[in-house]
Amino acid sequence: MTDPHKGLTGLLDTEAIRKDFPILDRRVHDGKPLVYLDNAATSQTPRQVIDTLSTYYERYNANVHRGVHVLAEEATELYEGARDKVAEFVNAPSRDEVIFTKNASESLNLVANMLGWADEPYRVDRETEIVITEMEHHSNIVPWQLLAQRTGAKLKWFGLDPADGTLDLSNIEEVITEKTKIVSFVLVSNILGTHNPVEQIVRRAHEVGALVLIDASQAAPHMPLDVQALQADFVAFTGHKMCGPTGIGVLWGRQELLEDLPPFLGGGEMIETVSMHSSTYAPAPHKFEAGTPPIAQAVGLGAAVDYLTSIGMEKIAAHEKAITEYAVRRLMEVPDLRVIGPTTAEERGSAISFTLGDIHPHDVGQVLDEQGIAVRVGHHCARPVCLRYGIPATTRASFYLYSTPAEVDALVDGLEHVRNFFG
Amino acid sequence: MTDPHKGLTGLLDTEAIRKDFPILDRRVHDGKPLVYLDNAATSQTPRQVIDTLSTYYERYNANVHRGVHVLAEEATELYEGARDKVAEFVNAPSRDEVIFTKNASESLNLVANMLGWADEPYRVDRETEIVITEMEHHSNIVPWQLLAQRTGAKLKWFGLDPADGTLDLSNIEEVITEKTKIVSFVLVSNILGTHNPVEQIVRRAHEVGALVLIDASQAAPHMPLDVQALQADFVAFTGHKMCGPTGIGVLWGRQELLEDLPPFLGGGEMIETVSMHSSTYAPAPHKFEAGTPPIAQAVGLGAAVDYLTSIGMEKIAAHEKAITEYAVRRLMEVPDLRVIGPTTAEERGSAISFTLGDIHPHDVGQVLDEQGIAVRVGHHCARPVCLRYGIPATTRASFYLYSTPAEVDALVDGLEHVRNFFG
Amino acid sequence: MYQDVILDHYKHPHGRGLRPGDAEVHHVNPTCGDEITLRVRYEGSRIADVSYEGQGCSISQASASVLNDLLVGKDVEEAQRIQGTFLELMQSKGRIEPDDAMEEVLEDAVAFAGVSKYPARVKCALLSWMAWKDATAQALGDTEAPASAEPVERKTA
Amino acid sequence: MYQDVILDHYKHPHGRGLRPGDAEVHHVNPTCGDEITLRVRYEGSRIADVSYEGQGCSISQASASVLNDLLVGKDVEEAQRIQGTFLELMQSKGRIEPDDAMEEVLEDAVAFAGVSKYPARVKCALLSWMAWKDATAQALGDTEAPASAEPVERKTA
Ligand SMILES: Cc1ncc(COP(=O)(O)O)c(C=O)c1O
Ligand SMILES: Cc1ncc(COP(=O)(O)O)c(C=O)c1O
């Protein structure tokens, strides 16, 4: 028997890495080993992060800022230290450009709301236009629909070419115009895996003076991210997809913008001085962090960033590229399987959506689950993509630094079983 | 020597309880035992909650809702189970009335924003008025200032009587009028400790058809809370002050209102169906929970609620009452000490603010800290109260279920030391 | 959860296809995209036909087939009782073990007991039943108006 | 952090009280409510007086007293060097152990080295120094205009 994994290069030492993730030892459905291929929905949490959270609550827990006692000072240092780590992780020019939110969705809504309440030249109103794309996650669609409804602005979008799962930018000059105030798009699609051409979109947006927000939720966990290289004005991502805890997200924004733009949520921590008649606001990032922040979660995200950095984002990207290449190749061998999205491993993320003949994704997912294989089925919060492809849903397998070629094999075998079961 | 604690009744078995809180064993500043009296800022976290968080990440972590694999189902059950627990904890008529947010500040902002975007009869606009009080936390002031600025509504408030730290409701009929759309006030003040007269305010508000939002951030941790008995329309509180993790808050709201009111943040999880042209929203509570929620944090809050319930909220309230009574009595014996707020233990919470002669609270707090005693100093995110009293700041000691009379003694001794030090 | 009975109905659905009816509804499960178009035809209070077209998972398709088997020929009151029992079973979270009495009422539909353990799938199983309930309300509400030869077409999304 | 030097200055502040000046500023530390009103008087580029009134913690009060000691009589350029050194010390997070050279420049102000370990208190120590910097900018900016007998009063919140 020839080794089916021969020729796969750039793989990480997953045997060692998997030891860091207690959940990967779990058995489900009467002792079947868990094959976790739902990483685009949420990643698993390494021991290092879990321990950081416990230690935080066991030794340092206090409310941050302004406290003069030891715990408050230590908790503040840990919280602000996490900001330093995240700033470095995305190569932010300044730590004050890193805003902690509760998830990527809040980050995206935060920008939409700032622009709705902003003064000129940023203000989105009935004279202006908002641009998104047809492959956005609902979290990068609905906030803009709400903003458009509430301000009278016009919402426009780039269409999707179903042939290869890429954006149709042929009409970029008509879509992004002098009226455009903001262009918000996903760096790597969570449903298609498509990696979008940042430079072309950013260039056109800045040409007309529009701001650019990049949804990097599916990028930050998987590749080196450099907000300066992206040349965007805002970048959003979420902790729970990058080995961090739930309840923490990030918005990076350019300092001048954060200074100029109005606050979103009001409350403790985000103020400079308050009287009953009026208030002034703290400088960014605090201006955008109302109330007690997700302290432990930020600290946990800091630990996740340390963990990922210790392995190396370049290496993680190479590992995933090898796995994705292998997975695409093996999946295309499954009869009746149709990949929804790019069919190369170049310029794509590690989430792979597909349909399997007439078998409904719910059934595919359920029968895979019975074999211990966790995939996601549905519209993956990107229903417009399904509408465009004329399908109700897809099955999606998505990989991470601990995924192995053997798990790809298990998926392919599982799909054979699904076909026989419903055949 | 007579036992100074004689006659204190209703105390909990703090020796047993303190074993649940690892941080209470900490020593600071060269081995001094930690005396943690900053519970109004944040409470400490019992082992039971810390373990629940670890177990969540070690065994069940997955994104909730719509998943067909085991982990997704288990995580969903845990998350929604936490909602059941919180609903029961506050005696909500329906679990669907419990919305998870990131903190109390988000809960309060959520209501302000819903009302700003609502249709009649809820809509806050330039014809209408908003009522708050002078003793609110900044998180219940700034959102309304922002709403007033952005809609043109008029912001009014009940003043504070510095003589006894209570609200001046003598002009209630002029403050709450037919134009009032919302009355938002704090149940127990975090700076004064004042417990406000709910019934009178709610009666007047409902008489004129205004909605009532109660900020129960300092009440939910300390006493039985019954949203039905309060008769309010919305109640907000925060997890980290009630033995729960950071990064989780709650908004309870009446079902009909949650059905009628528009969403706030847009994104995944909060939708029913999305197309590029328009979207429809899921029923409450999901309508108000955009994006991946703070899953582990909600589960942790559920564990905190279990913990508090196992001890009994009535008993916790009785314990704190005894401690507070003792603390007020002992503090009043300290020369030059002036309690800012009610000086009885009746109808007050367990946060006690004071000034100590001319010694600035920063100095008081710092010298107490050197003795291992953690108190908070400053305006406690309630600067209008300080303005009203004509003081820059206060020192605040605040107690919880694990606080002991001996800790009160330590505080009083510490204050003596402060007086000598700066005397 | 995939009982043979369910797979059989999925692979060989009973009564599938749209035939004339007194009312038509279109129901969608927005979270997974399952769809059904369903018509009912009454003769007095007796269900003369339930016809349907749709796309969706095995559970939703098999459930429509079972519905057709169970309800056609029944009086509306009895059908509502059956629907109520099925709803109860599906909302039981796996806690109801169907007994003989229930099996008498639900026949093949007892095979769905296992589905009730999977919250994400309960809606699939109920899709056609909710559509039938809705169509019936429309059809019987309409009997007061003079009976028309053309089926009434209404859509509920 | 409470060095005797600091406590001494706190209890017996030097140069406290408002006297005539060329410029006046009012600075507030919004997070803790510390306030200072500070005037500077220049004779050419020489600091003839720094007078102040304020309320706040021992650190902010002692720091103003030390400032008065250090800067009155100095030329503005030298004063700015001293201010720069003090700022550097305060932002050192306890990492600078003042050496003799620094002590030469800062004199009593080296006692604040310990404060730099407490982020919440650094602002207190810097309050009067920031006010002085601001007042100086105003006073010297104004020397171009004909010198006036009345002090210029400006407020910066
Ligand atoms: C009375 C009151 N309201 C609101 C808040 C805000 O809570 P959080 O900071 O968790 O949003 C607090 C605590 O900081 C509070 O004491
Ligand atoms: C591309 C993309 N954007 C945004 C989000 C929203 O992230 P969150 O749910 O953490 O807010 C997700 C994940 O769900 C995503 O995949």
Side-chain angles (χ1 to χ4, degrees), chain A residues 22-23 26 28 41-42 44-45 50 53-54 57-59 61-63 66-71 102-103 105-106 109 134 137-139 141-143 145-146 150 157 240 245-247 265-268 271 274-276 279 290-292 294-297 362 365-366 369 374 376-378 381 383-384, chain B residues 22-23 26 28 41-42 44-45 50 53-54 57-59 61-63 66-71 102-103 105-106 109 117 134 137-139 141-143 145-146 157 240 245-247 265-268 271 274-276 279 290-292 294-297 362 365-366 369 374 376-378 381 383-384:
Chain A
I23 208 171
R26 247 204 85 168
V28 294
T42 206
Q44 293 305 341
T45 324
I50 301 172
L53 293 171
S54 298
Y57 290 115
E58 284 164 10
R59 292 189 57 78
N61 182 47
N63 213 323
R66 283 196 284 286
V68 296
H69 59 78
V70 176
L71 297 188
K102 70 173 170 179
N103 53 25
S105 302
E106 187 190 351
N109 279 275
E134 204 178 3
H137 188 280
H138 293 163
S139 292
I141 298 177
V142 183
Q145 288 180 337
L146 288 170
R150 288 167 178 181
W157 56 87
H240 66 91
T246 58
L265 303 182
I271 56 95
V274 172
S275 78
M276 293 307 287
S279 301
T292 303
I295 307 170
Q297 292 72 42
H362 261 188
Q366 197 92 48
D369 175 58
R376 187 131 305 220
V377 300
C381 293
R383 188 164 170 271
Chain B
I23 207 170
R26 247 204 85 168
V28 293
T42 206
Q44 293 305 341
T45 323
I50 301 173
L53 293 172
S54 298
Y57 290 115
E58 284 164 9
R59 292 190 55 80
N61 181 48
N63 214 324
R66 282 198 283 287
V68 296
H69 60 77
V70 177
L71 296 188
K102 72 172 170 179
N103 54 24
S105 301
E106 186 190 350
N109 279 276
W117 296 121
E134 205 178 1
H137 189 280
H138 293 164
S139 292
I141 298 177
V142 183
Q145 289 180 336
L146 287 171
W157 56 86
H240 67 91
T246 57
L265 303 182
I271 56 93
V274 172
S275 77
M276 294 307 287
S279 301
T292 304
I295 306 170
Q297 293 72 40
H362 262 187
Q366 196 92 49
D369 175 58
R376 186 131 307 219
V377 300
C381 293
R383 189 165 169 271

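By convention in this document, chain letters (A, B, ...) are assigned in the order of the sequence lines, proteins followed by strands, and residues within each chain are numbered from 1. All values reported here derive from a predicted model rather than from experimental measurement.
The choice from A:Arg376, A:Lys102, A:Glu106, A:Arg150 that makes the most heavy-atom pairs within less than 4.5 Å of chain B is A:Arg150. Comparing B:Gly291, B:Gly267, B:Ser279, B:Gly67 by heavy-atom pairs within less than 4.5 Å of chain A, the highest count is held by B:Gly267. Among B:Ala290, B:Pro294, B:Ser139, B:Pro22, the residue making the largest number of heavy-atom pairs under 4.5 Å with chain A is B:Ser139. Top candidate by heavy-atom pairs under 4.5 Å with chain B, chosen from A:His137, A:Glu58, A:His362, A:His240, is A:Glu58. The greatest number of non-hydrogen atom pairs below 4.5 Å with chain B, out of A:Leu71, A:Val377, A:Thr42, A:Asn61, is found for A:Asn61. If you tally non-hydrogen atom pairs under 4.5 Å between each of A:Glu134, A:Gln44, A:Gln366 and chain B, the highest count goes to A:Gln44. Of the listed residues B:Ile23, B:Val142, B:Ile295, B:Val68, the one with more heavy-atom pairs under 4.5 angstrom with chain A than any other is B:Ile23. Top candidate by heavy-atom pairs under 4.5 Å with chain B, chosen from A:Ile50, A:Leu265, A:Val28, is A:Leu265. Between chain A and the residues B:Gly378, B:Ser54, B:Ala374, the most heavy-atom pairs under 4.5 angstrom are made by B:Ala374. Heavy-atom pairs under 4.5 Å with chain B peak, among A:Gly365, A:Ser275, A:Cys381, at A:Ser275.
Judged purely by atom type and a 3.5 angstrom limit, A:Thr246 uses its side chain to pair as donor or acceptor with the backbone of B:Ala296. Panel note: side chain A:Asn109, backbone A:Pro143; no donor-acceptor pair is recorded below 3.5 Å.
Contacts of A:Leu53 with chain B are made by side-chain atoms alone, with heavy-atom separations under 4.5 Å and no backbone atom involved. Of the atoms belonging to B:Ile271, it is side-chain heavy atoms, and not backbone ones, that fall under 4.5 Å from chain A. At a 4.5 Å heavy-atom cutoff, the contact between B:Val70 and chain A is made by backbone and side-chain atoms alike. Of the atoms belonging to B:Leu146, it is side-chain heavy atoms, and not backbone ones, that fall under 4.5 Å from chain A. Contact of A:Ile141 with chain B is made through the side chain alone, with heavy-atom distances under 4.5 Å. Using a 4.5 Å cut-off between heavy atoms, A:Gln145 touches chain B through its side chain atoms alone. Heavy-atom distances place both the backbone and the side chain of B:Arg59 under 4.5 Å from chain A. Only the side chain of B:Asn103 comes within contact range of chain A, judged by heavy atoms closer than 4.5 Å. Using a 4.5 Å cut-off between heavy atoms, A:Val274 touches chain B through backbone and side chain atoms alike.
The two residues A:Pro245 and A:Gln297 come nearest to each other via the heavy atoms CG-O, 3.6 Å. What you find for B:Gly268 and A:His138 is that their closest heavy atoms are N-CB, 4.0 Å.
Interatomic distance, A:Thr292 OG1 to A:Asn63 CG, rounded to the nearest 0.5 Å: 4.0 Å.
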